[in-house]
Amino acid sequence: MALLDVENLKMYYGTLRGQVRAVDDVSFQVASKESLGLAGESGCGKTSVALTILRLLPWNAKIVGGSIKLAGEDVVKMRESQLQKEIRWKRISMIFQGAMNALHPTYTIGAQITEAILTHEKVGKEEALERATKLIELVGMEPSRVKRYPHELSGGMKQRAVTAMALACNPDLVIADEPTTALDVIVQAQVLEVMKDLRNRLGISMLVISHDLALIAETCNKIAIMYAGKIIENGDVAYIFKEPLHPYTQKLITAFPSVIGPRTELSSIHGFPPDLLNPPPGCRFHPRCEHAMEICRKKEPPLIEIGNNRYVACHLHEGRKT
Ligand code: SF4
């Protein structure tokens, strides 16, 4: 059984202009000790998926279908009190985008990690501080940094501190939303090393959300590509980077410098992602797709397995088996 099994998940935002179908029939799994990268352009629904998994949604958002099973238990059916007591922090924690800038400026790093532990577990202050110090060491910082305030740390150190905070209650799954955005490339590489090391040493599962394919190639063993609220390709990182099948994945990969294989010329994806208030019929990528056929404008391609645990939603590949 997968640790996290998201099936046919639909989450819509209600607006004055109608329903925004931000997460529209999304299915994927994260196995124990596995790291899945969720990639796609800004606004494709990646962060909405993460917030839905943790049920941290704004008032105008509603889960209208599907399930989110954590070790077999459906998070969608849980009460808020159960989510607070048993799920958030303890089973699933999240490193929010820009979290390092949200550290409380008047509390030390140690105090902030300690507070997270004390809020969710019945332990004494001394034990919580001891654990906070160990976590700080675990993410590659000097133990003495527990006494530092956020303004005394560099961007990379702050990112390590929020990573330590996410690990405070020994979660099974950590969701990291754009964990290296706003860091320079050298610090990004250091943070990536910390993430890889933690996954190997602690055996935690990770869901890494990013538009940066190099980051996903570095940290994840599987990747799911999202477009306009849907997963359009899903499989092992090595397979997908070597031979992307969906035309959007192909474009996305050639829009970034190569991370596997020789250097290639970069290209751009013409046009814009659709308005999810009124997405195009059929394949949502068809207005931007160079291979669009008549059927693409009328019928939505289902996400089908083509072998080797690889899934693709494109009429070009229907009936294909690897
Ligand atoms: Fe392009 Fe059609 Fe495949 Fe969509 S289904 S990606 S429009 S070929």
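Everything numeric here is computed off the predicted structure, so don't read it as measured data. When a residue number appears, it is its place in the shown sequence, counting from 1. Read the numbers this way: they start at 1 and go in the same order the structure lists the ligands and their atoms.
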(request) Tell me, please, which residues at least two apart from Asp177 pass side-chain contact (heavy atoms from CB on, under 4.5 Å). (result) Thr47, Met94, Gln97, Ile209
(request) Go through Arg310 and Asp236 one step at a time and tell me if the side-chain contact (heavy atoms from CB on, under 4.5 Å) criterion holds. (result) CA-CA 7 Å; Arg310 201 165 167 188; Asp236 286 351; over 6 Å; no
(request) Identify whether Leu303 and Tyr239 are in the same connected component of the hydrophobic contact network (ILVMFWY, side-chain heavy atoms under 4.5 Å). (result) no
(request) Would you kindly confirm whether Leu138 and Leu103 end up in one hydrophobic cluster when ILVMFWY residues are joined by side chain heavy atoms under 4.5 Å apart? (result) yes
(message) Looking at Glu126, I want to see if its CD is surrounded by more than 12 non-hydrogen atoms of other residues, nucleotides or ligands under 6.0 Å.
(response) no
(message) Between Lys90 and Glu121, does any NZ, NE, NH1 or NH2 come within less than 4.0 Å of an OD or OE carboxylate oxygen?
(response) no
(request) Mind listing the protein N/O/S atoms less than 2.8 Å away from atom 3 (Fe) of ligand 1? Waters don't count. (result) Cys314 SG
